[in-house]
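The analysis underlying the following values was restricted to heavy atoms, covering all of them including side chains, and did not include hydrogens, waters or symmetry mates.
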Amino acid sequence: MSEVHVIGKLEEFPEGSHRVVTVGRRRIGVFNVKGSLHALPNLCPHQTGPLCEVKKVTGTTQARAENDWAIEWAFDQEIIACPWHGIEYHVPTGRCLTFPEISIRSYEVAVDDGVVSLEF
């Protein structure tokens with residue numbers, strides 16, 4: 001059985017911001033990425049670092065065959081790097097960029113009449 005947990009008002013999560021909320025025994029990072037809310041556990045699977053306690057959400061560099069392997073900026077305002085070891089995760093999907101076979105759980109974020117809630 002899932003339960004709805006109110007975590008604040010929409011204006012408390014302006015675009016480009018993030019914060020860690022506590023729901024029961026869970027600490028969850030809530031991110032407003034380009035106007036869309038995403039929630040991830042504040043726990044890096046690498047060595048249990050405080051993943052969502054980053055100073056800012058950024059982007060990353062990548063090189064692709066389609067671009068003749070030239071280095072380019074990608075995922076602007078969508079990447080967090082664990083403060084312990086710098087392992088990068090894509091906030092909207094929870095996918096680890098260093099180890100693509102690893103994805104972290106994401107929580108469903110709902111907004112109803114300006115009230116933000118998580119369901120799990």
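- Side chains of Glu119 and Glu3 form no contact here, defined as non-hydrogen atoms less than 4.5 Å apart.
- A continuous path of hydrophobic side-chain contacts links Val109 to Ile28 [ILVMFWY only; heavy atoms under 4.5 Å].
- Thr58 OG1 to Asp76 CG: the interatomic distance, rounded to the nearest 0.5 Å, is 7.0 Å.
- In this structure, Arg19 CZ and Phe13 CZ are separated by 3.5 Å, a value rounded to the nearest 0.5 Å.
- Using a 4.5 Å cut-off between side-chain heavy atoms of Ile, Leu, Val, Met, Phe, Trp and Tyr, with links allowed through other members, Val54 and Val91 fall into the same hydrophobic cluster.
- Contact record, Asn42 with Pro50: OD1-C, 3.2 Å, taken as the closest heavy-atom pair.
- Sparse packing is recorded around NZ of Lys55, with 12 or fewer heavy atoms of other residues, nucleotides or ligands lying under 6.0 Å away.
- Using a 4.5 Å cut-off on side-chain heavy atoms (C-beta onward), Ile102 and Pro45 make contact.
- Put simply, the side chain of Val116 reaches to within 4.5 Å of the side chain of Leu37, judged on heavy atoms.
- No side-chain donor-acceptor contact under 3.5 Å links Ser36 to the backbone of Val33.
- Between Ile79 and Tyr89, every side-chain heavy-atom pair lies at or beyond the 4.5 Å cut-off.
- Counting heavy atoms from C-beta outward, Ile7 and Val30 have side chains that approach closer than 4.5 Å.
- To the nearest 0.5 Å, atoms CD1 (Ile87) and CZ (Phe99) are separated by 5.0 Å.
- Within a 6.0 Å sphere centred on CD of Gln62, other residues, nucleotides and ligands contribute more than 12 heavy atoms.
- Contact record, Leu51 with Pro41: CD2-O, 4.1 Å, taken as the closest heavy-atom pair.
- Considering CZ of Phe31 and CD1 of Ile80, their distance stands at 4.0 Å, rounded to 0.5 Å.
- To the nearest 0.5 Å, the span separating OG1 on Thr93 from NE2 on His38 amounts to 9.0 Å.
- Taking every heavy atom of both residues into account, His18 and Cys52 meet most closely at CD2-O, 3.5 Å.
- Hydrophobic clustering (ILVMFWY, side-chain heavy atoms < 4.5 Å, transitive): Trp84 and Leu43 are in distinct clusters.
- For Ala81 against Gly86, the heavy-atom pair with the smallest separation is CB-O, 3.8 Å.
- Residues Glu72 and Asn67 share a closest heavy-atom pair of OE1-ND2, 2.8 Å.
- Looking at every heavy atom in both residues, Glu88 comes nearest to Thr98 through N-OG1, 4.0 Å.
- If you take OG1 on Thr61 and CD1 on Ile71, they are separated by 6.0 Å, rounding to the nearest 0.5 Å.
- Relative orientation of the His5 and Phe120 rings is parallel, given thresholds of 30° and 60° on the angle between their planes.
- The shortest distance between side-chain heavy atoms of Leu10 and Val115 does not fall below 4.5 Å.
- Looking at heavy atoms from C-beta onward, Val57 lies out of side-chain contact with Glu78 at the 4.5 angstrom threshold.
- No side-chain N or O of Ser103 forms a donor-acceptor pair with one of Arg95 less than 3.5 Å apart.
- Neither side chain, Glu15 nor Asn32, offers a donor N or O lying under 3.5 Å from an acceptor on the other.
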